[in-house]
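Working notes for the structure below.
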Amino acid sequence: MTEDRSDDPSADDPHSALDARARQTDARRFSPSIARNRDAVRAVFLQHMLAEGTLLEIASGTGEHGAHIAPGLPGLDWWYSDIDADGRASQAAWASHLGPGAGLKGPLRIDVSAGSWGEADALAPFDAMFCANMLHIAPFAAAQGLMAGAGQRLRQGGRMMVYGPFARHGEMAPSNQRFSDDLKSRDPDWGVRDLDREIGPLARAAGLALVEVVEMPANNLSVIFERE
Ligand SMILES: C[S@@+](CC[C@H](N)C(=O)[O-])C[C@H]1O[C@@H](n2cnc3c(N)ncnc32)[C@H](O)[C@@H]1O
């Protein structure tokens with residue numbers, strides 16, 4: 001398996017990002033790392049998640065995962081959310097660019113580590129949730145909030161897909177270790193999380209069963225949880 005740390009923002013190619021921005025004039029943002037991983041992420045979503053219903057995405061960032069997945073699933077309402085205003089502006093621009101038929105809703109302002117998820121609480125319970133590349137680039141309270149919040153807001157049998165780099169049983173790929181060390185040097189509360197030792201116990205406490213772990217390119221995982 002490649003040692004390329006393809007989701008490391010420092011590995012992004014600025015030229016492709018600039019090219020993409022040059023082609024459009026609205027607030028949509030483009031992540032080169034998503035350009036590399038979005039097809040693999042969509043394939044896992046289509047195999048293990050739902051085709052219709054109401055989904056809440058946490059930490060939607062640029063909004064590209066929803067923009068890549070939702071338009072192909074006409075029965076799915078995909079709610080964007082983020083704590084960050086610039087991210088929400090990009091998500092709104094993607095929803096506007098693709099039009100109402102794409103099923104992209106929101107964005108909602110959600111701090112996943114807060115007890116209240118604001119407007120999302122009125123929409124719960126959700127049929128599904130999705131969260132990519134947040135657990136390692138946020139304090140551990142965000143992981144705690146994501147798992148506890150999913151337990152409270154997913155309907156029984158509802159699934160959550162979490163994508164990103166993980167350690168397993170205390171070990172991680174060298175590229176993920178370098179990435180984690182770099183993240184911790186930027187913020188000691190960040191860092192690659194251990195699926196078995198850190199996230200698993202949070203999931204069990206929240207009533208979420210781990211039903212699938214899919215190996216992804218560049219030492220990432222897609223992890224599927226189901227509300228018991
Ligand atoms: C590396 S970006 C990932 C964005 C996108 N999901 C992706 O895969 O490219 C991390 C995202 O987590 C969001 N985030 C960080 N802390 C958060 C929190 N407490 N609640 C909600 N979102 C948070 C950031 O605003 C940012 O959009």
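Along the sequence shown, residues are numbered consecutively beginning with 1. For ligands, and for the atoms within them, numbers begin at 1 and follow the listed sequence.
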From the options Leu135, Asn133, Leu146, select the one whose nearest heavy atom is closest to atom 1 (C) of ligand 1.
-> Asn133
Number the atoms of ligand 1 from 1 as they appear, then name those within less than 4.0 Å of a heavy atom of Val112, with their elements.
-> 18 (C), 19 (N), 20 (N), 21 (C)
At a non-hydrogen distance cut-off of under 4.0 Å, which region of Ala138 contacts ligand 1 (side chain, backbone, both, or neither)?
-> side chain
Return yes when Thr62 approaches ligand 1 closer than 4.0 angstrom through a heavy atom, no otherwise.
-> no
Quick one: does Ser60 get within less than 4.0 Å of ligand 1, heavy atoms only?
-> yes
Indicate yes or no: at least one non-hydrogen side-chain atom of Asp121 is less than 4.5 angstrom from one of Gln152.
-> no
Under 4.5 Å between any side-chain heavy atoms of His65 and Ser60, yes or no?
-> no
So, is Ser31 polar-close to ligand 1, with some N/O to N/O distance under 3.5 Å?
-> no
Would you say ligand 1 has an N or O under 3.5 Å from any N or O of Ile34?
-> no
Counting from 1, what ligand 1 atoms have a heavy atom of Asp111 closer than 4.0 Å?
-> 18 (C), 19 (N), 20 (N)
How does His65 reach ligand 1, if at all, at less than 4.0 Å between non-hydrogen atoms: by side chain, backbone, both, or neither?
-> side chain
Could you tell me whether the side chain of Lys105 reaches within less than 4.5 Å of the side chain of Leu123, counting heavy atoms only?
-> no
Looking at Tyr80, Trp78, Trp79, which one forms a side-chain hydrogen bond (donor to acceptor under 3.5 Å, both in side chains) with Glu57?
-> Trp78
Return a yes/no value for Glu57: is any of its N or O atoms, backbone included, closer than 3.5 angstrom to an N or O of ligand 1?
-> no
Compute the shortest N/O to N/O distance between Ala59 and ligand 1 and return yes if it is under 3.5 Å, no if not.
-> yes
Do Ile58 and ligand 1 have an N or O pair less than 3.5 Å apart?
-> no
Considering only heavy atoms of Ile110, which atoms of ligand 1 have at least one such atom less than 4.0 Å away?
-> 20 (N), 21 (C)
Would you mind reporting whether Ile58 and Met129 have side-chain heavy atoms less than 4.5 Å apart?
-> yes
Given side chains that start at C-beta, do those of Leu221 and Arg168 come closer than 4.5 Å, heavy atoms only?
-> yes
Answer yes or no: is there a side-chain heavy-atom contact under 4.5 Å between Phe130 and Met49?
-> no
Is any side-chain N of the basic residue among Arg186 and Asp182 closer than 4.0 Å to the acidic one's carboxylate O?
-> yes
Within 4.0 Å of some non-hydrogen atom of Asp84, the atoms of ligand 1 are 25 (O)
For Ala120 and Leu108, the nearest pair of non-hydrogen atoms, with its separation, is CB-CD1, 3.8 Å
Just jot down the ligand 1 atoms closer than 4.0 angstrom to any heavy atom of Ile137, in number order.
-> 1 (C)
Can you find a heavy atom in the side chain of Leu135 that is under 4.5 Å from one in the side chain of Val162?
-> yes
